[in-house]
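Model, not experiment: these values are computed from the prediction.
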Amino acid sequence: MSSIIHVLDEATRNKIAAGEVVERPASCIKELVENAIDAGAHAIEVEIADGGQSYMRVTDDGCGMSPEDAHKCIIRHGTSKISSVEDIFAITSLGFRGEAVPSIAAVSHMQITTRQADDDFATHLILDGGEITAEDQAGAPVGTTMEVSDLFYNTPARRKFLKSERTESSKISEMVTKLALANPAIAFTFTNNGRTTMKTGGTGDLRETIANIYGANVARDVFAVSADQDGISLEGYVGKPSVLKSNRNWQTCIVNHRIVHNPLMFKAIDNAYHAMLPKSGYPFAMLHLHVDPATIDVNVHPAKTEIKFSDEQAVYRAIYHSIVTALVAQEKPEAIAKTIGVDVGAVPKGGPQEKTTSQSAARTAPAGLSVWAAGLNPPADGPDRAQKGLLGEPPAWGARQERGGADQPSLFSQALAQHGQGGPSEATSVVSEAGAPKIVFDGDDDVFIPLGEVADCFIIAKKGQDLYIVDQHAAHERIRYDTFCKRVERMPSQQLLTPEFVDVDSDDMTLLLERQDVFNDLGYTYSEAGPTTLRVEEVPCDLQTSDIADSLKDICLLLHDQKEPDKAMVRHRSLAYLSCHGAVKAGDSLNIRQMKQLLDDLFHTEKPYVCPHGRPTIIRFTPKELAHLFKRT
């Protein structure tokens, strides 16, 4: 009987390995740049064309390779980083498998030019599908240049899964950015289609590198963090809560100079900022951990971005406490969150235009009263608990934390949230009537009678024997939201007299151009005016020009968080934003007639008890509850 098992040939094995190591052009850049860093480079140049699909080049001034080593580097598992199996348990270099270069060469046309300081000429190799087709000597400076052309030319099945040129370029730019942050002592230059888009000085100053990459404004709004405990040394920078991005691209985690994607580290960052952030966005964080190589395992995945810690709790504590300590240690802690509305700006979960009066009222409600419209108790995780979490022990890293809102009732979150991360801000217009709270009417003859207004924010009204307090901003939000929902499928738009030019980051620009049909349905018409500039010609009706950038960013955040959100969810997010920004604000004085009209309109909506963001609009006090306040029972 003949054998049915046979050994695959070298070419097939290399292509299989390439599928694990070389996922997309950004993977190639990562591997080649990490080799340059291991070679002791002080300056690294990265150049790409057509999103890396047609051309990529990485040039360094490292130690270079001899002619013999140049031939060995294209053989699988040929490496200078380790020599025995014991070395795997204490990896100090970025690369060690010896798979990257042969895997890249197997699926591309490749050229290698390298010279050591003692050699008169550089070795120049030309490869096709991993095989050397030409070899000669060339004049070149000390170091190595790797050129990759026509990636996946011989594996068309893999090539068809690549995204658009803009998306692939964005992924490469993000990777080079993180590598530059991880190595501030190396001067990086990134060129895309002949245009230099990033350049760092390589001075070793991390704050200067942050300024080179993200701009001086961001560098001014970050502050240093450090820790040295449990055998873990941590250094880096974190941003004020006002320095936000719609995804985690501004969060870079480095372990022993290696870029990693570790949920534990991200969770520690989120929990350290707990109750300090608005409902959308992620804060800036650049953290570099130094640990004993023997306490981590980087040999988890060929991409080497996943990592395991022997003591996860120690890592979590180091990150959490270092960030919290840095936040508390600022000379004027109140200035940290000022820009997101702590004194006269927005209440984070209630919409950017609302003042803190409503937040204070929600927090000072008597703990024993059923103050929410449905009779729910006030949130258990109020400001006292938030303060304890800030200064005391960190919340368990495995536990789910609701973002930003100490004044958000968790029961409301469970009753209303059907999409997103589970917070009230993600509640949609399709909340089931059975699961949502109800407002009880004592009789058909009873009507709401406005009695007055407190702090130009809360309407005081009575109905029957009950006393009601209505948040005028949240109520008007609900009214506007229901009005918008009754309109046609495509939002009515208004053409701008003169186009507005909006600055967006590269990731959001990619999304705006690739999902233009989604934004068109929401009433936006725009075109690309520059690499990070949008020319907006039409916007939804009732949207102020000053709110265009924020509204687009809010929708982009949803699309980033959920790659394929359903149409109803996107529409809800946009309508909720428009409803909030055009509604009556806290601080707008209303007369009795206007209060009466607002209450009448509110109770003609489908869900008068909650605003589109999931916050309650009404607080009710029954006679029994009032009597309890005055200790009459």
Measuring from [X]:[atom1] to [Y]:[atom2], what's the distance to the nearest 0.5 Å?
X	Y	atom1	atom2	value
Glu45	Asp60	CD	CG	10.0 Å
Phe188	Thr209	CZ	OG1	9.5 Å
Ser149	Ile126	OG	CD1	10.5 Å
Thr144	Gln116	OG1	CD	8.5 Å
Glu168	Ser173	CD	OG	12.5 Å
Arg535	Tyr526	CZ	OH	14.5 Å

Donor-acceptor pair, distance only, cut-off 3.5 Å: does the side chain of [X] make one with the backbone of [Y]?
X	Y	value
Thr114	Met65	yes
Ser310	Thr295	yes
Gln251	Pro283	yes
Asp292	Ala294	yes
Asn247	Asn249	yes
Arg207	Ala219	yes
Thr533	Ala529	no
Asp119	Arg115	no

Which heavy atom in [X] sits nearest to a heavy atom in [Y], and how many Å separate them?
X	Y	value
Ala26	Met175	O-CG, 4.1 Å
Met110	Ala105	SD-CB, 3.6 Å
Pro184	Leu181	CD-O, 3.5 Å
Leu511	Cys556	CD2-O, 3.6 Å
Cys253	Met265	CB-CE, 3.6 Å
Asp61	Ala43	OD1-N, 3.0 Å

Inset, instruction - Could you check Thr167 against Ser170 for side-chain hydrogen bond (donor to acceptor under 3.5 Å, both in side chains), going step by step and ending with a plain yes or no? - result: CA-CA 5 Å; Thr167 299; Ser170 177; over 6 Å; no
Inset, instruction - Please assess Lys240 against Phe223 for the test side chain to side chain contact (heavy atoms under 4.5 Å, CB included), listing each intermediate value before the final yes or no. - result: CA-CA 8 Å; Lys240 296 179 180 179; Phe223 43 88; 4.1 Å; yes
Inset, instruction - Would you sort out whether Gln111 and His124 count as a side-chain hydrogen bond (donor to acceptor under 3.5 Å, both in side chains), showing the intermediate values? - result: CA-CA 7 Å; Gln111 295 189 46; His124 181 219; 2.8 Å; yes
[Y] and [X], any side-chain heavy atoms less than 4.5 Å apart:
X	Y	value
Thr123	Ser66	no
Thr200	Ile186	no
Phe309	Asn262	yes
Val260	Ile254	no
Asp505	Lys245	yes
Ser322	Thr325	no
Val148	His109	no
Tyr316	Lys267	yes

Do [Y] and [X] meet the salt-bridge criterion of a basic N to acidic O distance under 4.0 Å?
X	Y	result
Asp230	Arg317	yes
Glu514	Arg166	no
Arg248	Asp270	yes

Inset, instruction - Apply the test side chain to side chain contact (heavy atoms under 4.5 Å, CB included) to residues Phe190 and Thr196: give CA-CA distance (whole Å), side-chain angles for both, the deciding distance (0.1 Å), then the verdict. - result: CA-CA 6 Å; Phe190 177 55; Thr196 299; over 6 Å; no
Inset, instruction - Go through the steps to decide whether Val58 and Ile29 satisfy the test side chain to side chain contact (heavy atoms under 4.5 Å, CB included), and finish with yes or no. - result: CA-CA 7 Å; Val58 175; Ile29 295 296; 4.0 Å; yes
Legend entry - Within 45° cone of Tyr153 ring axis and under 6.0 Å: Arg159 NZ or CZ: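 Ring-cation test returns no.
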Legend entry - Donor-acceptor pair between Glu147 and Tyr55 side chains, under 3.5 angstrom: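 Yes.
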Legend entry - Any donor-acceptor N or O pair under 3.5 Å, side chains His71, Glu135: yes
Legend entry - side chain to side chain contact (heavy atoms under 4.5 Å, CB included) assessment of Leu234 paired with Ile319: CA-CA 8 Å; Leu234 181 147; Ile319 295 174; 3.7 Å; yes
Inset, instruction - Would you please indicate if the ring centroids of Tyr214 and Trp250 are separated by under 6.0 Å? - result: yes
Inset, instruction - Report the residues that fulfil ring pair (Phe, Tyr, Trp, His ring centres under 6.0 Å) with His257, sequence neighbours left out, ordered by chain and then residue number. - result: His288, His290
Legend entry - Greater than 12 external heavy atoms within 6.0 Å of Phe501's CZ: yes
Legend entry - Heavy atoms from other residues, nucleotides or ligands near CG of Asp136 exceed 12 (cutoff 6.0 Å):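 Above 12, so yes.
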Inset, instruction - Under the side-chain hydrogen bond (donor to acceptor under 3.5 Å, both in side chains) rule, what do Thr145 and Thr59 come out as? Steps first, then yes or no, please. - result: CA-CA 4 Å; Thr145 296; Thr59 300; 3.2 Å; yes
Inset, instruction - Start with the C-alpha gap between Glu165 and Asn193, add the side-chain angles, then the distance that decides, and say whether side-chain hydrogen bond (donor to acceptor under 3.5 Å, both in side chains) holds. - result: CA-CA 11 Å; Glu165 175 188 338; Asn193 289 327; 2.9 Å; yes
